[in-house]
Colleague: 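Below is a structure I'd like to ask you about.
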Amino acid sequence: MNELHPLTQAVINGRRKEVPDLVQQCLDAGEDAKSIVQDRLVPGMTVVGERFKKNEIFVPEMLVAARAMKEALKILEPLLVAAGVRPEHTAIIGTVEGDLHDIGKNLVAMMWKGANMEVIDLGVNVPPAKFVEAIAQHKPHLVGLSALLTTTMPAMRTTVKAIRDAGIPVKIVVGGAPITREFAEEIGADGYSRDAGSAVDAALELLRAKA
Amino acid sequence: MNELHPLTQAVINGRRKEVPDLVQQCLDAGEDAKSIVQDRLVPGMTVVGERFKKNEIFVPEMLVAARAMKEALKILEPLLVAAGVRPEHTAIIGTVEGDLHDIGKNLVAMMWKGANMEVIDLGVNVPPAKFVEAIAQHKPHLVGLSALLTTTMPAMRTTVKAIRDAGIPVKIVVGGAPITREFAEEIGADGYSRDAGSAVDAALELLRAKA
Amino acid sequence: MKYTSLAIDDPAELIFGVAPHPLTTREGMVIGGGTVYPELNFTLPPITIDAAGMAEVRRNYADIIEGALGRAAELTAPGVVIEFETLPPMTEHPEWGMEIVNILIEGMEREKARSGLKSVLRMTPNDNREFERPPLMRRGRYWEAMLQLFEGSAAAGAELLSIESVGGKELHDEALVNGDLAASIFSLCILGERDMRFLWTHLNDIAKKHGVYCAGDTACGFGNTAMVLAEQKMIPRVFAAVVRAVTAVRSLVAYECGAVGPGKDCGYENPILKAITGFPMAMEGKTSACAHLSPMGNLAAATCDTWSNESVQNIKLLGGMAPTCYMEQLIYDCRLMNCARAEGRDSARMLQRWLVESDVATDPQAFIISPESSVELARAIVGSDSHYHAGIAVARKAVSLLREANAAGRLRIAGNEAGWFDTLDDTLDDLPDSEGEFISQQLALADSTKFIAAEYGLT
Amino acid sequence: MKYTSLAIDDPAELIFGVAPHPLTTREGMVIGGGTVYPELNFTLPPITIDAAGMAEVRRNYADIIEGALGRAAELTAPGVVIEFETLPPMTEHPEWGMEIVNILIEGMEREKARSGLKSVLRMTPNDNREFERPPLMRRGRYWEAMLQLFEGSAAAGAELLSIESVGGKELHDEALVNGDLAASIFSLCILGERDMRFLWTHLNDIAKKHGVYCAGDTACGFGNTAMVLAEQKMIPRVFAAVVRAVTAVRSLVAYECGAVGPGKDCGYENPILKAITGFPMAMEGKTSACAHLSPMGNLAAATCDTWSNESVQNIKLLGGMAPTCYMEQLIYDCRLMNCARAEGRDSARMLQRWLVESDVATDPQAFIISPESSVELARAIVGSDSHYHAGIAVARKAVSLLREANAAGRLRIAGNEAGWFDTLDDTLDDLPDSEGEFISQQLALADSTKFIAAEYGLT
Ligand code: B12
Ligand code: B12
Ligand code: SF4
Ligand code: SF4
Ligand SMILES: [Zn+2]
Ligand SMILES: [Zn+2]
Ligand SMILES: [Zn+2]
């Protein structure tokens with residue numbers, strides 16, 4: 001395996017405290033904020049994501065890495081904003097109306113963030129109108145809907161319909177324990193994934209298709 | 001309980017051999033064929049049907065009664081035909097394409113016959129076109145479709161559609177182990193029943209609604 | 001009769017997990033060698049199987065095998081039997097059936113490589129011969145396609161061959177709803193026996209050629225149809241129980257032609273066959289409630305070597321896809337039996353007894369396949385000189401066992417069923433001793449539009 | 001602490017079917033008195049619950065109760081517990097919940113009249129307080145509506161009151177995904193304890209008023225969330241196992257406030273509570289695979305007094321509607337346990353042992369609720385002087401039991417989990433002895449947008 005950059009390694013190991021110095025070193029060495037994110041941080045989270053997928057580590061370890069990455073972003077974000085750089089993709093995510101389950105949704109949000117997407121989390125029990133409103137406001141590339149109750153699956157259908165009716169072009173990906181690929185197709189979603197690991201692939205696939 | 005007519009009683013007890021004489025006595029006493037059917041035979045089968053529904057007797061006993069009734073009809077049918085009398089209702093029944101299960105369908109046919117319907121049984125593995133053809137030919141009031149396989153449920157949908165597309169007004173009732181009321185509604189059937197006992201009620205209800 | 005004595009004559013030895021003649025798979029699972037294995041069977045949710053739908057069909061089977069084996073590995077199952085029972089179009093178009101066989105075998109190999117999980121495929125092409133009516137039993141496109149699928153799957157690595165063959169069934173449904181035991185014996189012991197012999201001789205050739213096993217058949221379309229009809233209160237339970245006893249005579253023929261087990265799950269007659277042949281048997285009971293309700297949910301496990309769920313659609317339950325959930329349930333059932341067995345013979349025997357006591361008094365069909373009854377019924381069969389006589393003998397034995405148990409209060413029988421004992425005995429008394437005479441009688445009564453005598457070698 | 005000693009201190013006596021303090025229902029079912037009863041729970045297929053949809057909702061519940069009880073009667077169950085766990089709109093609109101309660105009670109009475117089947121209704125309104133975020137725990141429309149539904153159903157004849165209360169959960173999900181044991185103890189033993197005491201004091205008043213029983217609560221949103229996350233490999237199993245042990249401290253509070261069992265099915269901490277209180281407990285395991293997979297499918301049965309399927313949608317399986325199929329499976333599971341019990345103490349003890357041996361070595365969560373571990377953990381709790389200290393003590397005990405078992409090879413732990421023992425012990429070592437200090441620490445760390453300290457009587 002290739003030698004990894006110390007910053008990448010620090011993210012992987014979740015050594016949060018070392019991160020600010022390492023970021024500073026990169027900046028001092030003339031790397032720009034965008035390439036630090038893309039070439040140092042994201043590869044770290046990718047390794048972590050892979051390890052998680054292979055069941056080598058657990059979510060707590062992954063969150064430690066995510067927090068280390070956040071530490072870096074704290075420094076880099078003002079620079080990115082100043083340079084007019086935004087994460088390549090924006091996503092909105094939420095649990096549909098009537099449903100309070102959010103652990104699964106939160107994990108998906110975390111994975112998406114790890115893949116360097118900007119994620120706006122609308123929380124739980126989100127009415128269709130609120131999704132539509134947020135889409136109009138943030139113009140995301142992707143919307144993620146979560147439902148864990150069989151009795152809120154109809155609300156997922158209603159939400160997809162409301163978004164389509166609003167006429168804003170956006171890819172919708174759905175998930176949650178009772179959701180199947182068939183149901184996703186039936187209600188007109190663009191994508192489905194059965195767990196957080198594959199949620200990143202599902203999102204990237206849709207975003208590529210779009211591009 | 002009221003004293004039952006000896007012919008009615010013979011049907012109930014399945015005493016087939018006594019039936020011809022008893023029918024002859026009725027005819028000799030001036031009863032016409034139609035009223036013998038309606039007032040002597042059908043009430044017998046109704047009692048048998050009730051006993052069956054209450055789990056007092058089994059199908060074999062019910063079939064013995066049905067055979068006794070058939071014995072009577074053998075004598076009465078020519079008279080009915082001569083007088084231009086037909087059973088009040090005609091039904092067509094069959095198992096849908098791809099499906100060979102027929103015990104359930106046969107029991108429903110038997111129960112419908114017991115309720116004095118004329119029943120044309122198209123057998124098993126019946127393609128939609130054959131149903132449509134038979135409907136055009138026999139002009140039934142009712143069509144019964146049976147399916148026992150989850151993988152022939154789509155064929156049931158196709159069959160209902162073919163019948164509707166053909167534009168002949170007829171009531172469709174469906175059944176079989178994997179069929180639910182929801183599915184029946186979804187594919188546009190008029191009725192559903194979950195067992196042979198209630199299949200008669202389901203049929204009569206639809207036929208009354210029609211009348 | 002090939003078998004003239006019993007392989008197991010002590011009911012205590014007619015027990016789960018152990019068979020006198022165990023069977024070893026290529027990967028080293030020893031069925032009947034001391035471990036009960038889960039046997040999973042599954043089917044499609046409501047979708048159409050045609051050329052256009054095959055992509056979805058494939059996806060279903062791929063998901064099923066991945067999910068179910070993944071769970072089996074997590075629960076460290078000692079090995080699993082996967083049964084692929086085809087749906088009609090998959091036998092009619094053997095190339096479709098083979099696509100799925102390959103998907104399953106690939107899935108099994110992948111899991112083996114990942115986690116070391118052992119598994120073996122039981123291939124059960126469905127018997128389409130009835131699609132023509134009256135059916136051609138020994139020729140025609142349905143027969144050809146079916147053999148082709150057997151051959152292809154044996155070559156592809158399906159190590160256990162099974163079928164739920166339909167020979168004789170054309171007349172049996174009628175026999176059941178009429179409560180006609182004579183016609184039932186004709187269907188099972190005359191027509192069924194001849195068809196089984198013809199069919200299984202062919203299957204044995206295929207198995208030999210590819211170095212795989214003939215596992216076994218089931219008189220499902222007879223005995224289980226009776227059971228379901230009895231469960232629905234359409235026919236008396238005592239009649240269904242006697243029919244079950246007679247089905248053993250038909251299913252036995254597979255073993256006479258070279259099958260070595262494990263007998264097919266839905267053959268509730270299997271305990272009788274295990275006593276006769278000593279081969280391991282699949283059974284199903286409470287954990288096949290997904291496929292049909294049963295009056296012997298525990299008792300059926302008392303003698304099993306693999307434990308099956310019979311069939312479950314690939315639909316989503318709250319806990320996961322249904323085949324995965326049922327895999328879990330089967331594994332826990334097996335773990336319990338294997339724990340008792342691990343503690344020794346006496347412990348296993350104790351659990352066997354509870355499994356039996358759980359149901360034996362509650363239903364005549366349960367009673368009839370208890371280890372005790374099974375051994376007696378088996379004895380009636382091996383003591384007969386022909387399949388016809390075996391059918392009569394086992395039916396007579398069944399009636400008398402039921403009668404005695406009822407009289408002794410060891411069995412609960414509904415009030416409207418008791419009269420059936422005399423009816424059944426009368427029927428048996430009236431049967432001629434001569435098989436030829438019986439055949440002539442029945443041929444005269446049978447609906448000739450429904451079956452072709454020549455297809456059974458009768459004329 | 002109300003309980004300072006154990007009701008059961010011998011693991012052999014912590015066994016299915018028998019509790020030191022059994023409970024007798026109006027119809028004479030004696031739960032914990034020697035018979036294990038099936039407990040059926042069910043839910044809707046995908047449909048909307050609103051005023052327009054209520055006709056279909058009603059039809060579903062009417063069909064469920066008719067089908068499932070009909071089957072229970074056919075299988076001559078000695079009695080059944082029916083659990084009605086509401087879905088959110090049914091608690092939000094208590095009049096909808098009450099419609100269903102009445103449908104169920106009518107169905108139960110009808111079956112009783114028809115076949116004599118005994119049954120009892122466990123009413124479990126779901127806890128909607130979280131719908132407001134941060135939640136109001138002691139007031140507001142969700143609280144009012146919930147109490148109204150409890151009151152109404154007790155009056156209508158629901159004899160067992162239960163809930164899966166959520167107090168403390170606002171912070172616990174976060175604790176789980178962070179693997180943060182300190183935050184977990186804060187959620188369970190500080191926040192949870194206070195909310196339970198408030199809530200169950202109210203429920204006890206309702207129960208007394210209507211002459212019904214407070215049955216019990218479960219830390220489902222804590223312990224089962226951990227279990228599901230561990231099953232999905234999101235968090236380590238050893239961590240989930242330690243959290244399970246701590247949940248017992250929270251669930252205990254219901255009994256301190258007057259509950260008498262049977263404890264709620266999904267409370268896998270129930271064996272610990274049975275050891276402490278001597279009240280009967282519901283459990284669920286392999287036959288709740290329809291609702292969630294489980295690493296202790298058999299072991300969970302070792303100590304149960306009612307045996308549950310947790311939840312199944314009213315969808316059609318090949319064998320019938322799913323609730324009916326699951327009723328059958330539960331009944332056979334219970335029959336086996338009751339057979340062993342009927343043979344006497346030693347036999348029951350033997351089956352209990354196999355149920356335990358089946359799973360105990362395969363998973364830390366199974367290990368932690370085995371009768372042996374449960375008694376030890378129970379002892380750690382009753383030996384403590386406060387719920388906070390009990391939480392620490394039971395967690396410490398759990399870690400040490402797991403560590404020893406792993407070292408002795410009596411328990412298999414995945415390679416990437418072993419490091420967690422030290423992490424957990426370190427966390428426990430760092431906890432202050434003073435509850436007040438702990439509370440201040442945790443309040444400082446907690447996300448104040450997520451919960452309102454005053455709703456727990458903390459300020
Ligand atoms: C934890 C839990 C709870 C917790 C919720 C905590 C929380 N903050 O979320 C609590 C205790 C509060 C709870 C409450 C209830 N619950 Co609950 N709950 C569960 C449980 C045990 C686990 C869910 C979970 O978090 N899983 C772990 C996560 C990681 O998995 P996940 O959610 O499936 O998410 C993964 C994927 O689905 C996917 N995914 C999820 N969302 C999305 C979105 C996108 C865009 C994508 C791409 C992917 C994706 O990726 C995720 C990560 O891999 C399930 C059981 C089960 N088998 O699922 C029941 C379950 C969902 N609950 C159920 C019920 C009935 C309820 C209650 C109604 C209980 C009651 N009567 O009081 C209430 C309802 C509250 C409400 N209004 O929503 C039932 C649902 C039955 C039904 N009819 O549908 C279940 C199935 C339990 C059961 N077996 O009966 N529950
Ligand atoms: C008997 C039986 C057979 C017999 C059929 C005999 C016959 N002549 O019908 C045989 C052995 C031939 C057979 C074959 C097969 N079967 Co089959 N069979 C059954 C079984 C055990 C019982 C069906 C039955 O007769 N029940 C008794 C009758 C009285 O009940 P019923 O059919 O439900 O009918 C009642 C009601 O549904 C209703 N009703 C029925 N029709 C109608 C119509 C109307 C208009 C109305 C109002 C009401 C109504 O009233 C009836 C009387 O109360 C079921 C199991 C089950 N749980 O149902 C499987 C079952 C239906 N078979 C199954 C399968 C898979 C098969 C095979 C494909 C097996 C194989 N792999 O070889 C083949 C397919 C053959 C084919 N192409 O159709 C599966 C279906 C799985 C799936 N994917 O859907 C089942 C569910 C078994 C299982 N548990 O897996 N089978
Ligand atoms: S009932 Fe079951 S076992 Fe019998 S033919 Fe049908 S699928 Fe096969
Ligand atoms: S997981 Fe089961 S037990 Fe727990 S809250 Fe949800 S429904 Fe209730
Ligand atoms: Zn079968
Ligand atoms: Zn089968
Ligand atoms: Zn629960």
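The sequence lines fix the lettering, A, B, ..., with proteins before strands; numbering per chain opens at 1.
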Colleague: Could you list the residues that satisfy ring-ring contact (aromatic ring centres under 6.0 Å, His included) with Phe84(D), not counting sequence neighbours?
Modeller: Tyr61(D)
Colleague: Hey, could you give me the CD/CD distance between Glu357(C) and Glu343(D), rounded to the nearest 0.5 Å?
Modeller: 6.0 Å
Colleague: With a 4.5 angstrom heavy-atom cut-off, could you sort out which part of Asp359(D) is near chain C: side chain, backbone, both or neither?
Modeller: both
Colleague: For chain C, which residues from residues 323-333 of chain D have at least one heavy atom closer than 4.5 Å to it?
Modeller: Thr324(D), Cys325(D), Tyr326(D), Glu328(D), Gln329(D), Tyr332(D), Asp333(D)
Colleague: Go through the atoms of Met337(C) and report whether side chain, backbone, both or neither lie under 4.5 Å from a heavy atom of chain D.
Modeller: neither
Colleague: Can you tell me if Arg345(D) has over 12 outside heavy atoms packed within less than 6.0 Å of its CZ?
Modeller: no
Colleague: Output the option from Glu74(D), Met350(D), Lys286(D) having the highest count of non-hydrogen pairs under 4.5 Å with chain C.
Modeller: Lys286(D)
Colleague: Measure distances from Thr43(C) to the heavy atoms of chain D and classify the residue's part below 4.5 Å as side chain, backbone, both or neither.
Modeller: side chain
Colleague: Looking at every heavy atom in both Leu355(C) and Leu336(D), which two are closest together, and how far apart are they?
Modeller: CD2-CD1, 3.8 Å
Colleague: Please enumerate all residues that pass salt bridge (Lys or Arg N to Asp or Glu O under 4.0 Å) together with Arg341(C), with sequence neighbours excluded.
Modeller: none
Colleague: Looking at every heavy atom in both Leu293(C) and Gly319(D), which two are closest together, and how far apart are they?
Modeller: CG-O, 3.8 Å
Colleague: With only heavy atoms counted, which part of Met296(D) is less than 4.5 Å from chain C, the side chain, the backbone, both or neither?
Modeller: backbone
Colleague: Name the option with the most non-hydrogen atom pairs under 4.5 Å to chain D; the candidates are Leu351(C), Leu75(C), Ile315(C).
Modeller: Leu351(C)
Colleague: Apply salt bridge (Lys or Arg N to Asp or Glu O under 4.0 Å) to Arg114(C) and list each qualifying residue two or more places apart in sequence or on a separate chain.
Modeller: Glu111(C)
Colleague: Return the NZ to CD distance between Lys316(C) and Gln313(D), rounded to the nearest 0.5 Å.
Modeller: 10.0 Å
Colleague: Hey, which of Ala289(D), Ala342(D), Ser288(D) has the most heavy atom pairs under 4.5 Å with chain C?
Modeller: Ala289(D)
Colleague: Taking side chain as C-beta onward, heavy atoms only, is Arg412(C) less than 4.5 Å from Thr76(D)?
Modeller: yes
Colleague: With rounding to the nearest 0.5 Å, note down the distance linking OG1 in Thr362(C) to CZ in Arg335(D).
Modeller: 4.5 Å
Colleague: For chain C, find which of Ala322(D), Gly320(D), Pro295(D) contributes the most heavy-atom pairs closer than 4.5 angstrom.
Modeller: Pro295(D)
